[in-house]
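Presented below is the structure to which this report refers.
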Amino acid sequence: MDERKIKILNAIIQTYLYTGEPVGSRTISKFTDLNLSSATIRNEMSDLEEMGYIVQPHTSAGRIPSDKGYRFYVDNMMKEKVDSMVKEKVAEVDEMKNVMLEKADKIDQMLKQVAKLLAANTNYATMISAPQYKGKKLRFIQLSRVDDTQILAVIMIEGNIIKNKLIDTAEMIAEEDVVKLNLVLNTFLQGLSLSEINMEMIGRMKQQAAGHNKIISDVIDAIASAIQEEDDLEIYTTGATNLLKYPELSDTQKVSELIYTLEEKKALTDFVAERLEKDDKNAIQVYIGAESPVNSMKDCSIVTATYELEEGVSGTIGIIGPKRMDYQKVVGNLQTMMEQLDKIYKKK
C-alpha cells in the first residue's frame, strides 16, 4: 500500500477502536494530516475494501477494519509506538508491582493478582497460567516411619515443590531400614527427571533395599504421581464480565460461549499448552479473529506473552477482548508486567 492508503487505514482503525461504529469518508476527512476530499477518501476506501483491509457491514454504512486490516495495523503501525508507551507506563506499573508485593506472598496468589490488575487496567478479560517446570527433576526424598506398616514420603521436586505421599508397606518396617532406604533412594534418584529413571536403575536399588522391593516400587510410583500432578496445567481467569461492555460481543450466544470457555478452561488449557511448547520466551503474540485457536473466540483478539520466573519455569499471560481492542495499551501492559515479574523474582 502507498502512504496515503496507510494513513486512511490507520484513521479508520483508530476511529473504530474508539467508537465501535462504522467509519465513513466524512469522518476521515476531518483528520487534519490528510488534507483530502471526501471523494478522494471514498475512492481510497473502495480500494482498501477490494484489497481486503476493510469491510462494509451494511449497505450505505461506513467501513470497519477486517481481520487483515487489524493484522496490518498490529504488524506495522505499532512498532514505533509501543516502546514509547512502555516508558510512559513504567510509573503506573511500578505502583501495580507494589500492590502485587503487598497482597501476594505465594506464586499462585501473585499470579491471580496480576490477572486482576491487567483486567482492571485494560477493561478486557485476562488469563494467566501457573508456572510450568520443564523437565522437572527430583531434588530430594525423605521417608519417615508413621507406624509399623506405613511410611510418609516427602518428595521435593525442582522449583521447591513439595508433595507428601502416604505409603502402605503391608509389612513391618524398622527405623534402621527407613534410614537405609533414604540413602539408597537419594543416591540413585537425586537430580533425575522421570524420563531418566529406568528399569536397570530400579533393579539395582531393589538389590540394595534389604528385601523391601515393594517399597521401592511404591516410592517410584509416588514420585511419578507427584511429578505428573505438577504437569497438570492450571489457569486463572478474571474479567469475563468486561466483555459485556462491547456491543459486538454482547450477542447472547456469543457471550455465553465466551464466558463458558473462560470458566471451563479446557480450550484455554490446550491453547496455553501449545503456546508454551513453542518456547518463544518473552515474545508477544497477537491472534486476531479467525487466527484464534479457540473457536468461541473467533470474534475476539487474544494477546499473549510468556513470562519466565527462572530458568525452565514459565507460563502464559493472555488478554482477551474485541477485535477493536486498544492493542498499544494491551501490549504495553504485557511488556511492563513481564518486566516487573522478572525484577520481583530476580530480587528473590
Just do the salt bridge (charged side-chain N to carboxylate O under 4.0 Å, His left out) check on K180 and D177 with the steps written out, would you?
CA-CA 5 Å; K180 184 173 182 178; D177 289 334; over 6 Å; no
Is any side-chain heavy atom of Y73 closer than 4.5 Å to one of Q14?
yes
Determine the minimum heavy-atom distance between A240 and I259, stating which atoms define it.
CB-CG1, 4.3 Å
Indicate yes or no for a side-chain donor-acceptor contact from E196 to the backbone of S193 under 3.5 Å, with no hydrogens or angles considered.
yes
Residue pair L48 / K5, side-chain heavy-atom distance below 4.5 Å:
yes
Rounded distance (nearest 0.5 Å) linking atom CG of N121 with atom CE of M337
7.5 Å
Has E176 got more than 12 heavy atoms of other residues, nucleotides or ligands less than 6.0 Å from its CD?
yes
Grouping I, L, V, M, F, W and Y whenever their side-chain heavy atoms are under 4.5 Å apart, do V146 and I162 come out in a common cluster?
yes
Are any side-chain N or O atoms of T169 and backbone N or O atoms of T149, one a donor and one an acceptor, separated by less than 3.5 Å?
yes
Report yes or no: does S292 contribute a side-chain atom to a donor-acceptor pair with the main-chain N or O of G289 at less than 3.5 Å?
no
Within this structure, what is the CG-CG distance for the pair N242 and L249, rounded to the nearest 0.5 Å?
11.5 Å
Atom pair OG1/CG of T122 and D326 - distance to nearest 0.5 Å:
9.5 Å
So Y53 and F72, would you call those rings parallel, tilted or perpendicular, with 30° and 60° as cut-offs?
perpendicular
Given 3.5 Å as the limit, does a donor-acceptor pair link the side chain of S129 with the main chain of G315, or not?
no
Which heavy atom in I167 sits nearest to a heavy atom in A153, and how many Å separate them?
CD1-CB, 4.0 Å
Side chains of Y236 and Q113: any donor to acceptor distance under 3.5 Å?
no
Yes or no on side-chain contact (heavy atoms from CB on, under 4.5 Å) for K7 and L36, after CA distance, side-chain angles and deciding distance?
CA-CA 11 Å; K7 283 186 175 181; L36 298 172; over 6 Å; no
Joint hydrophobic cluster, I13 plus Y18, side-chain heavy atoms closer than 4.5 Å:
no
Do you know which two heavy atoms are closest between G62 and P57, and how far apart they sit?
O-CD, 3.4 Å
Hey, are the side chains of I28 and E44 touching, using non-hydrogen atoms and a 4.5 Å cut-off?
no
List the atom of A115, the atom of I128, and the distance in Å for their closest heavy-atom pair.
CB-CG2, 3.9 Å
Going by an N to O cut-off under 4.0 Å, is there a salt bridge joining K323 and E248?
no
Distance, nearest 0.5 Å, that separates CD of Q190 from CG of L138:
7.5 Å
So, for S25 and S38, which heavy atoms are closest and what is the spacing to 0.1 Å?
CB-O, 3.8 Å
Would you find a donor on one side and an acceptor on the other, under 3.5 Å apart, between the side chain of T15 and the backbone of A11?
yes
F140: which of N186, L189, I155 passes side-chain contact (heavy atoms from CB on, under 4.5 Å)
N186
Measure the spacing between CD1 of I151 and CG of L143 and express it to the nearest 0.5 Å.
4.5 Å
Examine distances only and state if a side-chain atom of S250 and a backbone atom of P247 form a donor-acceptor pair shorter than 3.5 Å.
yes
Should L118 and L334 count as side-chain neighbours, where that means a heavy-atom distance under 4.5 Å?
yes
Between the CD atom in E264 and the CD atom in E257, the distance rounded to the nearest 0.5 Å is 12.5 Å
Nearest heavy-atom approach of S66 to V55 is CB-CG1, 4.1 Å
Check the surroundings of atom NZ in K298: do more than 12 heavy atoms from other residues, nucleotides or ligands lie under 6.0 Å from it?
yes
Give the intermediate values and the outcome of side-chain contact (heavy atoms from CB on, under 4.5 Å) for residues D299 and D251.
CA-CA 11 Å; D299 291 313; D251 173 86; over 6 Å; no
Any heavy-atom pair between the side chains of M45 and I12 that's under 4.5 Å?
yes
Same cluster (ILVMFWY, side-chain, under 4.5 Å), V255 and I320:
no
So do the side chains of L262 and L243 get within less than 4.5 Å of each other, counting heavy atoms only?
yes
Give the cluster check for V114 versus I284: same hydrophobic cluster or not, with ILVMFWY residues linked at side-chain heavy-atom distances below 4.5 Å.
yes
Walk me through whether E263 and T237 qualify under side-chain contact (heavy atoms from CB on, under 4.5 Å).
CA-CA 7 Å; E263 290 181 349; T237 59; 5.8 Å; no
Taking the six-membered ring for Trp, are Y287 and F271 ring centroids under 6.0 Å apart?
yes
For R26, does the CZ atom sit with more than 12 other heavy atoms under 6.0 Å from it, leaving out its own atoms?
no
Common cluster, L181/M201, ILVMFWY with side-chain heavy-atom separation under 4.5 Å:
yes
Set out, in order, the CA-CA distance, both residues' side-chain angles and the distance that settles side-chain contact (heavy atoms from CB on, under 4.5 Å) for N43 and D47, then state yes or no.
CA-CA 6 Å; N43 289 335; D47 290 345; 5.5 Å; no
Mind checking whether M127 and K265 have side chains closer than 4.5 Å, heavy atoms only?
no
Does the plane of the ring in Y124 sit parallel, tilted or perpendicular to the ring in Y246? Use 30° and 60° as the thresholds.
tilted
Check step by step if salt bridge (charged side-chain N to carboxylate O under 4.0 Å, His left out) holds for R71 and E291.
CA-CA 10 Å; R71 173 52 59 195; E291 297 172 357; 2.5 Å; yes
Taking the side chain as every heavy atom from C-beta outward, state whether I6 and N76 have any atom pair closer than 4.5 Å.
no
